Each structure stands twice: as structure tokens, then as C-alpha cells.
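Data first, discussion second: the structure below is written as C-alpha cells.
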There are 2 protein chains.
Amino acid sequence: MDQRQALASFGALSQETRLQIIRMLVVAGPDGMSAGAIAENAEVSPSNVSFHLKELERAGLINQQRESRSIIYSAAYDALGGLVRFLMEDCCAGHPEICAPAVAVAACCADGATSMSKKAN
Amino acid sequence: MDQRQALASFGALSQETRLQIIRMLVVAGPDGMSAGAIAENAEVSPSNVSFHLKELERAGLINQQRESRSIIYSAAYDALGGLVRFLMEDCCAGHPEICAPAVAVAACCADGATSMSKKAN
DNA sequence: TCAACAATTCAAGGATTATTGAAATATGGA
DNA sequence: TCCATATTTCAATAATCCTTGAATTGTTGA
């Protein structure tokens, strides 16, 4: 993750609807959700959700793939992980005071990260 | 860190000059830097740096304190740590795929986080 | 081919954010 | 008090972002 993508990612996450979309896509998992389902869930118009999805894709935070009539969007886990890493390492220079809280969170999903056996369904 | 502050923080970090300022303040450490020094280092006008500093403060990412004629700004380590945590936990639902890269970064500054004895100078 | 569905694109507008330079505020020393 | 320094505030402009609804594109099944 370079600075350009990080700036775009922070911008993408700074909007309430888009943050909401990322959250639901992360929870939805690898199967993703259709644009229509996202719009319904977020309670915004189709054209509005399309605008925000394009913004999220421009930042590289989501992936899309057509599935028959629908277009399925899913969270780009690698990009989100890259952003966390950028924030801790590049932006915050790995400062212990900043990374300390992350260590706690990391600890509680470290098993999953290692074994990759507890993916949410 | 609640969602409102996270949104403001992401917005604050989505601007090149502001990201640059945060980086230099993190590196500068607890002593911080004066507004003038920040402006000079970032190569922007005093009034422009003031605008961006206000934005960063609004997001809670920096602290200020007057020191004689100067106003000294410093990174709010707790807020930055809170943002990393929000991104991993609240936004990304603690997904192993996303947190995995963070575990690696966390590991290399975990000693410092525990002993607090290896702060960057 | 035609109708219906799913989603995007486009254009217009309104709202927010960024930049600039001039004026104002606050502090410390002569 | 007066001046110089450090910084902020203000007003105007420019640029970007968000929302809305209408028109368009792509897909499927009758």
C-alpha cells in the first residue's frame, strides 16, 4: 500500500454511507453482496450506492464481479489489511504507544490469522 | 473512539498535507513542534498550516499547548491508537485476513509496548 | 424481439473543503 | 507603550464531493 492508495482509502472511509458499506461487506464475507442488496441495507438510492461503490473501488477497498444480472461486491481484505499496516507502520512509525492497542486486538484473532480456519460464514 | 470521531479522523488523514503533518508529529515525539516549524517543514503558508492543524485537532488527532509566543502541537498517540483499533475491531470486525498483517507489525513493537523502554528518539 | 430487472452514467445543484492574502489577536522584550 | 514575532481568523475564490432523478447499458426469460 503506497501513500496514494492510503490517502484514497482514508477518504473513502471518511463518509458514513461508505463506512457502513465496508462494514457490511466485511461481515458478508467472500460471497459479497449485490449492489441492490447493499442499497437496500444502507437505505440509499441505487444511483447513490453506485456512486459510493465506485469511490470504494477507486480506493481499492472492494472488488466487483458480475453474477448474471447482479453485480456482486466484496471487501478487499488484503487492501484493508494493508491500510491497517500503513496506519501502524508508515504513518505512525510503529510507535509503541500507538500500536499497543492494536496488539490487544491482534492477540484475540491471532489464532484465526494463523490457522485461517475460523472464517466467518 | 466512536464512529463520529473515526469518520473525522479518516477525513483528516485523507489530505496529503495533513498526513504529512501527523507523520512529522509522530516522529517529533511528545515534545511536539511549533506551528511555524510545521509550516516550514511541510512547505505551506502559516495560514494554510493553521487551517489543517485546526482540522486535525477537530478530529482529536493532535494536541496543542501554548509555549510563550509559539503554539506547540503534538500527536495524540491515544487517538491514533484508538483509530487503529477502530479500523481493526469495529470496521473490519476483527477478521483474521485483515488483522493478520497488523499482527506482524504489532509483533515488532510489542516489546516496546510492554516495557515502554524503547521509544524512538 | 420485447418487456422487466439490475445497475450505472450523466447532468444539475447544493454542500463541504482547500487555498490565498490581508487583517486581527496574543506574547515577550526594548 | 511600542515594536517584532508567532499564529490565527476572516473573506473571497476555487476545487472537490454528495445527492437527486432521468436516461442509458447490460442481462435474462417469455
Side-chain angles (χ1 to χ4, degrees), chain A residues 3-25 28 31-76, chain B residues 3-25 28 31-76:
Chain A
Q3 169 165 318
R4 171 160 190 76
Q5 204 187 341
L7 285 168
S9 297
F10 287 137
L13 296 179
S14 72
Q15 210 278 339
E16 192 164 11
T17 301
R18 288 196 295 260
L19 184 57
Q20 193 185 352
I21 291 173
I22 283 291
R23 280 176 139 140
M24 74 175 78
L25 288 181
D31 288 350
M33 292 172 72
S34 70
I38 295 169
E40 193 176 357
N41 210 298
E43 296 183 17
V44 298
S45 72
S47 94
N48 189 252
V49 92
S50 195
F51 169 81
H52 288 305
L53 286 170
K54 198 171 55 170
E55 199 69 12
L56 286 167
E57 224 222 341
R58 199 176 61 82
L61 296 178
I62 61 176
N63 299 123
Q64 65 178 322
Q65 110 200 53
R66 184 174 275 279
E67 183 103 3
S68 171
R69 268 188 264 206
S70 299
I71 294 181
I72 305 296
Y73 287 90
S74 54
Chain B
Q3 169 165 318
R4 171 161 190 75
Q5 204 188 341
L7 285 169
S9 297
F10 287 136
L13 296 179
S14 72
Q15 209 279 339
E16 192 165 10
T17 301
R18 288 197 294 262
L19 184 58
Q20 193 185 351
I21 291 173
I22 284 292
R23 281 176 137 142
M24 75 175 77
L25 287 181
D31 289 349
M33 292 172 73
S34 70
I38 295 169
E40 194 176 358
N41 210 298
E43 297 183 17
V44 297
S45 72
S47 93
N48 188 252
V49 92
S50 193
F51 169 81
H52 289 304
L53 286 170
K54 198 171 56 172
E55 199 68 12
L56 286 168
E57 223 220 342
R58 199 176 62 82
L61 295 179
I62 61 175
N63 299 124
Q64 66 177 323
Q65 112 201 49
R66 183 174 276 280
E67 183 104 4
S68 173
R69 271 189 261 204
S70 298
I71 295 181
I72 305 295
Y73 288 91
S74 53

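Naming: A, B, ... by sequence-line order, numbering from 1 per chain. The structure displayed is predicted, hence computed values, not measured ones.
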Handout entry: Leading and trailing nucleotides of DNA chain D with any atom under 4.0 Å from heavy atoms of chain A
Key = D/dC18 to D/dT28
Problem - Test item: B/Arg23 and B/Leu19 side chains (from C-beta on) under 4.5 Å apart, heavy atoms - result: yes
Problem - Polar side-chain atom of A/Ser9 near backbone of A/Gln5 as donor-acceptor pair, under 3.5 Å - result: yes
Exercise for the section: Flag the pair A/Val49 / A/Thr17 as yes when at least one side-chain heavy-atom distance between them is below 4.5 Å, and no otherwise. Expected result: no
Practice task
Identify whether any heavy atom of B/Ser50 sits under 4.0 Å from a base atom; if not, whether one sits that close to sugar-phosphate; answer base, sugar-phosphate or nothing.
Solution key: base
Handout entry: salt_bridge(A/Glu55, A/Arg58) N-O dist < 4.0 Å
Key = yes
Practice task
State whether the side chain of A/Arg18 and the backbone N or O of A/Leu13 hold a donor-acceptor pair below 3.5 Å, judged by distance alone.
Solution key: no
Problem - Phosphate contact (C/dA7 OP1 or OP2) by A/Ser34 side-chain N/O below 4.0 Å - result: yes
Problem - Atom-pair distance (CG on A/Leu53; C1' on C/dA6), nearest Å - result: 13 Å
Practice task
Say whether, by atom type as modelled, one donor and one acceptor occur between the side chain of B/Ser14 and the main chain of B/Gly11 under 3.5 angstrom.
Solution key: yes
Practice task
Produce a footprint string for nucleotides 17-30 of chain C: one letter per nucleotide, 5' end first; B if the base is under 4.0 Å from any protein heavy atom, S if only the sugar-phosphate is, - if neither.
Solution key: -BBBBB----BS--
Exercise for the section: Give me the one residue out of B/Leu53, B/Leu56, B/Ile71 that meets side chain to side chain contact (heavy atoms under 4.5 Å, CB included) with B/Gln64. Expected result: B/Ile71
Completion exercise
B/Arg69 meets the salt bridge (charged side-chain N to carboxylate O under 4.0 Å, His left out) criterion, sequence neighbours left out, with none
